[in-house]
Amino acid sequence: MRHRSQAQGHPTTEAKGGEPMKVLILGSGVVGVTSAYYLARQGHEVTVVDRQPSPALETSYGNAGQVSFGFSSPWAAPGIPQKAVKWMFQEHAPLKIQPKMDPTMARFMMQMLGNCNPERYAVNKERMVRVAEHSRACINALREETGIRYEDRQRGLLQLFRSDAQVEAVGKDMKVLEQCGVRHRLLGADELAAVEPALARVPGKFVGGLHLPDDQTGDCYLFTNRLADHCRERLGVEFRFNVEIQRLKRSAGRIESVVTSEGELTADAYVVCLGSFSPFLVKDLGIRLPIYPVKGYSLTVPVTDDGGAPQSTVMDETFKVAISRFDDRIRVGGTAELASYDLSLLEKRRATISMVVRDVFPEGGDVAKAEFWTGLRPMTPDSTPIIGATPVDNLWLNTGHGTLGWTMSCGSGQLLGDLMSGKAPAIDPSGLDVSRYAA
């Protein structure tokens, strides 16, 4: 069997059965499309299905724009429970909870609290950085091979600290970065403008920063759509849009088909890349995914003064707001809101992220003309994605990336391709699949 990717000169690898597989990927966000890319490159016949009319129209559409490999850190961290109580009474807090009688939310919060200790934080941080650092190599290679551009910049990330306590606290993260070989440097207040010149216009606001020179920025929506075009045109991937995925049909311990609004679709293997909606699809199979939607907001601000705008990404540690530069736009993303699947745009959340970008880059863009957006981040209680096999023989997962789907997408997709193709994986996959929750 000869797949189109062989004709295009792409290397292929046969699956364990000796023949390439027919693979059905459920979801066309950045994780679904990168999964399609790596599986197609390994010689598989890939179809992507989504309810939307085109790729990346949900969580991947308006994210913060940071491709922050070195900044991959668990939300569940020592001290977070105490901070969360304080944030409840602050107007511009990074975390907000909408009171609801929601047992799923309560269970998620309890599981997250169980990870807020130094031991679990260290384990989770290592797993996240392992995937993220692999993703760095993968996206660099992908960009070189495909030639796609997405208003991307490779100029690093600067985490900004407003207090000495924040500088002291980052020491633990720096130890993990050292262990993982991630380049980083702690900067004093007088060194920040050398990395982001516009910060010279706001003296005295920050006491220091952590610079991660190998991090990147880019428009995730553009990336996903241009990669989907490449997959379609060069690798023979089929995309089926406006198709509602209804349920998985199992027979004899395997998935037999996906029941959709367009009838039943069949394949040799199935991959769930549905973000926050993944748990609903697999729960009837006895698979419990502890993924909860954590709502985030963003602004897309037109640049009015290049010299007053960021040149890459800065992260305001106090408010947990990321500010990233595209060509002629600034993307501002932040706020973690527990509100179930509610997608309403709340003006008080807009006020917080507007305040931060005006405070850090007051002359860089016209915030009054910004596009306001919200999306649902698929968070796990340990902040680590779920990548790999399931107890159902031909069902695979690539989901639960939280705020780092864009950052980890290429590494996750490449790892999944290796695992599904029966190859020795490029990185250690231990601790990444759903079995860690059973333990």
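Since we're looking at a predicted model, the values are computed, not measured.
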Query raised in the report: So, Asn140 and Glu144: side-chain donor and acceptor under 3.5 Å apart, yes or no?
Result: no
Query - Trp75 (side chain) donor-acceptor with Met112 (main chain) under 3.5 angstrom - result: no
**Report entry** Side-chain H-bond candidate by donor/acceptor type, Tyr61 with Asp219, under 3.5 Å
**Finding:** no
Query raised in the report: Does the ring center of Trp373 lie less than 6.0 Å from the ring center of Tyr221?
Result: no
Query raised in the report: Between Thr390 and Val282, is any pair of side-chain heavy atoms under 4.5 Å apart?
Result: no
Requested in this report: Could you tell me whether Glu196 and Arg325 have a side-chain N and a carboxylate O separated by less than 4.0 Å?
Outcome: no
Query - Separation of Ile255 CD1 from Leu285 CG (nearest 0.5 Å) - result: 4.5 Å
Query raised in the report: Taking C-beta and beyond as the side chain, do Leu235 and His230 meet within less than 4.5 Å on heavy atoms?
Result: yes
Query raised in the report: Can you tell me if Asp328 uses its side chain to pair, donor with acceptor, with the backbone of Val303 under 3.5 Å?
Result: no
Requested in this report: Might you work through the side-chain contact (heavy atoms from CB on, under 4.5 Å) test for Arg41 and Glu145, ending with a clear yes or no?
Outcome: CA-CA 12 Å; Arg41 286 190 72 245; Glu145 178 177 332; 3.2 Å; yes
Report task. Evaluate the side-chain proximity of Ser35 to Trp396: yes if any heavy-atom separation is below 4.5 Å, no if none is. Result -> no
Requested in this report: List the steps and the verdict of side chain to side chain donor-acceptor pair (under 3.5 Å) for Glu264 and Ser257.
Outcome: CA-CA 6 Å; Glu264 293 188 26; Ser257 67; 2.8 Å; yes
**Report entry** Salt bridge present between Arg329 and Glu371 (N-O < 4.0 angstrom)
**Finding:** no
Query raised in the report: Can any side-chain N or O of Arg331 pair as donor or acceptor with the backbone N or O of Ser298 at less than 3.5 Å?
Result: no
Requested in this report: Would you confirm whether Thr380, through its side chain, and Ser383, through its main-chain N or O, come within 3.5 Å as a donor-acceptor pair?
Outcome: yes
**Report entry** Polar contact flag, side-chain donor to acceptor under 3.5 angstrom, Asn394-Asp268
**Finding:** no
Query raised in the report: Strictly by modelled atom types, are Tyr292 and Arg107 linked by a side-chain donor-acceptor pair under 3.5 Å?
Result: no
Query - All salt bridge (Lys or Arg N to Asp or Glu O under 4.0 Å) counterparts of Arg149, not counting sequence neighbours - result: Asp152
Query raised in the report: Quick check: does any side chain N or O of Thr34 sit under 3.5 Å from a backbone N or O of Ser409, one acting as donor and the other as acceptor?
Result: yes
Query raised in the report: Is the closest side-chain heavy-atom distance between Val392 and Tyr270 below 4.5 Å?
Result: no
Query raised in the report: Side-chain donor-acceptor pair under 3.5 Å between Thr217 and Gln66, yes or no?
Result: no
**Report entry** Salt-bridge criterion met for Arg183 and Asp214 (N-O under 4.0 Å)
**Finding:** yes
Query raised in the report: Does the pair Asp229/Arg226 count as a salt bridge with the N-to-O cut at 4.0 Å?
Result: no
Query raised in the report: For the side chain of Lys125 and the backbone of Pro74, is there at least one donor-acceptor N/O pair under 3.5 Å apart?
Result: no
Query raised in the report: Side chains of Gln42 and Asp418: donor-acceptor distance under 3.5 Å anywhere?
Result: yes
Query - Within-4.5 Å side-chain heavy-atom neighbours: Val49 and Ile25 - result: no
Query raised in the report: Going by atom types alone, do Tyr37 and Gln414 pair a side-chain donor with an acceptor below 3.5 Å?
Result: no
Query raised in the report: Under 6.0 Å from the six-membered ring centre of Phe277 and within 45° of its axis: does the NZ or CZ of Arg51 meet both?
Result: yes
Query raised in the report: Does the side chain of Asp215 reach to within under 4.5 Å of the side chain of Thr313, using non-hydrogen atoms?
Result: no
**Report entry** Test item: Ser73 and Met128 side chains (from C-beta on) under 4.5 Å apart, heavy atoms
**Finding:** no
**Report entry** Presence of salt bridge, Arg240 and Glu262, under 4.0 angstrom
**Finding:** no
Query raised in the report: Are any side-chain N or O atoms of Arg288 and backbone N or O atoms of Lys283, one a donor and one an acceptor, separated by less than 3.5 Å?
Result: yes
Report task. Taking all non-hydrogen atoms of both residues into account, name the closest pair between Arg350 and Val367 and its distance. Result -> NH2-O, 3.9 Å
Query raised in the report: Where the side chain of Ser421 meets the backbone of Gly417, is there a donor-acceptor pair that is under 3.5 Å apart?
Result: yes
**Report entry** Polar side-chain atom of Gln311 near backbone of Asp306 as donor-acceptor pair, under 3.5 Å
**Finding:** yes
Requested in this report: Answer yes when Glu133 and Arg130 have at least one side-chain N-carboxylate O distance shorter than 4.0 Å, and no when they do not.
Outcome: no
Query raised in the report: So, Asp382 and Gln111: side-chain donor and acceptor under 3.5 Å apart, yes or no?
Result: no
Requested in this report: Would you mind reporting whether Val31 and His401 have side-chain heavy atoms less than 4.5 Å apart?
Outcome: yes
